[in-house]
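Heads up, the thing below is written out as structure tokens.
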Protein chains: 2
Amino acid sequence: MLMDLSQAKRVVDDALSACHTLIVVGDCSVRYHGRAASKLASGERIIIVKSDGSFLVHQNKGMAAINYQPPKNNRISTELSTNTLIIKAMRRSPKEILEVIFTSVLFAQAFPMRDDSSLKVFGTEKNLADLLMQDLELIEPGLRPLKQESPLQKGMIDIFARDRDGKNVIIELKRRTAGLSSVTQLKRYVDEVDQRIGQETRGILCAPSITPNALKSLEKWGLEFVRLDFEVSNPSAKIKGLQPKQKGMGEFL
Amino acid sequence: MLMDLSQAKRVVDDALSACHTLIVVGDCSVRYHGRAASKLASGERIIIVKSDGSFLVHQNKGMAAINYQPPKNNRISTELSTNTLIIKAMRRSPKEILEVIFTSVLFAQAFPMRDDSSLKVFGTEKNLADLLMQDLELIEPGLRPLKQESPLQKGMIDIFARDRDGKNVIIELKRRTAGLSSVTQLKRYVDEVDQRIGQETRGILCAPSITPNALKSLEKWGLEFVRLDFEVSNPSAKIKGLQPKQKGMGEFL
DNA sequence: GCGATCAGCGGCACG
DNA sequence: CGTGCCGTTGATCGC
């Protein structure tokens with residue numbers, strides 16, 4: 001089950017020069033120094049080096065790689081000493097170094113990995129915005145869309161609209177429970193538009209749910225929350241239902 | 001180079017029942033339906049199934065898995081039909097299903113993956129807070145620490161302190177460039193403390209740098225920025241230097 | 001379990 | 001490049 005380290009080095013070097021995807025499994029320790037620094041004592045891990053230079057170290061637990069190197073400006077090299085095979089990934093800007101020191105290699109192989117497909121995702125915030133743009137009446141009667149992804153100095157408005165009274169409405173969309181940051185984000189947009197246009201602007205936070213704290217802040221600032229239920233299906237996302245919530249119930253301290 | 005699909009299924013099933021870590025490489029398409037939905041047409045990918053149920057699909061590019069299933073409440077099953085081997089990962093709460101349909105398998109193997117080590121990271125925000133707590137004079141003469149990680153209704157204050165004039169000071173720490181959200185976060189804390197204590201509270205944003213927009217907002221609200229340079233070394237993080245920046249230079253509109 | 005925040009966040013899009 | 005922000009964010013910690 002064990003692989004000779006020099007043979008492993010050959011496999012690794014060949015994979016790197018051929019720009020193939022490399023998988024190595026073995027006992028290793030890991031050192032990282034860059035934006036932060038880390039040490040990982042020895043254990044059996046999976047290392048993946050992709051053709052674009054992405055470098056991953058996976059433990060047997062968790063979704064996220066325990067150590068890694070992002071795919072750009074990443075030079076990978078190997079070193080063989082008596083008892084260890086070191087695979088090093090160096091990156092500049094920011095200067096970072098990742099070093100995987102193998103004491104034993106169980107498996108090492110290169111794969112060409114032909115793949116021309118890219119992922120199609122449905123149910124993103126952008127999808128929801130597209131849907132809502134087609135029927136803002138779902139949120140409120142008389143609400144008409146003006147602009148999607150309207151650029152502001154301090155961010156981007158998801159949907160800019162006008163209500164039945166001709167008042168400007170900023171809609172901030174969230175695909176999941178809105179928290180404090182969503183509220184401050186909306187507040188920031190409303191403030192900037194208020195100040196630029198010089199007239200009262202409404203702000204509506206549109207999300208499947210909102211945390212209690214976020215709701216309190218929202219109401220304190222005179223913003224509104226509209227509950228949005230959506231459902232993802234395979235060729236698109238659908239809006240299941242909208243439940244307006246009365247505003248201004250909180251005490252304006 | 002090709003592997004019989006029924007043989008691959010055996011390897012996969014054995015790995016799952018033994019709770020080993022599984023690696024499969026082959027030509028597959030992927031379907032996902034859950035919090036969002038996605039489709040990925042056929043191509044060669046690496047699939048990793050970890051002992052805790054983490055399920056990863058990696059293309060030959062990029063650091064992040066293109067499709068995945070998080071490590072909990074995740075039931076994995078296999079199906080063999082005439083031309084395909086399907087590996088399914090089903091999860092409840094939220095209900096999500098990930099389906100990988102292999103038309104050919106180049107490699108499939110289980111690894112026991114003994115690993116008892118956990119990552120030690122240095123240079124985290126918590127590290128910096130610990131360091132600063134030991135010498136707040138670095139930020140400003142006479143500044144004395146009161147409490148670290150002081151819980152607030154709307155979040156957690158990194159460092160709560162008192163300045164030479166006896167005024168309360170809230171310090172928000174960032175390990176990288178502070179943006180608008182960092183400023184609104186600090187503002188939120190200062191507002192809450194102002195309101196609860198009923199006396200003027202200073203807010204200091206401490207980060208290696210700050211974006212222009214964030215600085216403008218900061219100054220508009222009368223908050224302060226202190227530049228913090230730190231350096232990570234292997235057994236700890238060090239503070240390299242601190243450069244106070246004069247406040248209140250912006251026009252208070 | 002929810003809530004809030006950090007993360008070596010990664011990734012994308014825009015200026 | 002930086003700035004801002006979404007993400008099937010994940011991971012952690014407190015309640």
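Every chain is numbered from 1, with letters handed out A, B, ... down the list of sequences.
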Would you check if the side chain of [X] reaches a backbone N or O of [Y] as a donor-acceptor pair within less than 3.5 Å?
{"X": "A/E172", "Y": "A/I204", "result": "no"}
{"X": "B/R175", "Y": "A/R35", "result": "yes"}
{"X": "B/Q69", "Y": "B/A89", "result": "yes"}

Legend entry - A/K238 versus A/S233, side-chain donor and acceptor atoms under 3.5 Å: yes

Can you measure [X] atom [atom1] to [N] atom [atom2] for me and round it to whole angstrom units?
{"X": "B/L152", "N": "D/dC15", "atom1": "CG", "atom2": "C1'", "value": "14 Å"}
{"X": "A/L56", "N": "C/dG10", "atom1": "CG", "atom2": "P", "value": "11 Å"}
{"X": "A/H58", "N": "D/dA11", "atom1": "NE2", "atom2": "P", "value": "10 Å"}
{"X": "A/Q148", "N": "C/dC14", "atom1": "CD", "atom2": "P", "value": "12 Å"}
{"X": "A/F55", "N": "C/dG8", "atom1": "CZ", "atom2": "P", "value": "17 Å"}
{"X": "A/I210", "N": "C/dC2", "atom1": "CD1", "atom2": "P", "value": "16 Å"}
{"X": "A/I157", "N": "D/dG4", "atom1": "CD1", "atom2": "P", "value": "15 Å"}
{"X": "B/Q153", "N": "C/dA4", "atom1": "CD", "atom2": "P", "value": "10 Å"}

Legend entry - Sugar-phosphate or base contact per nucleotide [nucleotides 5-10 of chain D; S, B, -; heavy atom under 4.0 Å]: SSSBBS

Taking the [atom1] atom of each, how far is [N] from [M], in whole Å?
{"N": "D/dG4", "M": "D/dT8", "atom1": "P", "value": "23 Å"}
{"N": "C/dG8", "M": "C/dA4", "atom1": "P", "value": "23 Å"}
{"N": "D/dA11", "M": "C/dG11", "atom1": "P", "value": "16 Å"}

Inset, instruction - May I ask you to test the B/S117-A/R45 pair for a side-chain heavy-atom distance under 4.5 Å? - result: yes

Legend entry - Within 6.0 Å of NZ in B/K147, more than 12 heavy atoms from elsewhere: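 More than 12 heavy atoms, drawn from other residues, nucleotides or ligands, come within 6.0 Å of this atom.
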
Inset, instruction - Would you mind classifying the nucleic acid contact of A/P212 as base, sugar-phosphate or nothing, using non-hydrogen atoms under 4.0 angstrom? - result: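 Result for A/P212 = sugar-phosphate.
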
Legend entry - Nearest-0.5 Å distance that lies between atom CD1 in A/I159 and atom CD in A/E149: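 Interatomic distance, A/I159 CD1 to A/E149 CD, rounded to 0.5 Å: 9.5 Å.
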
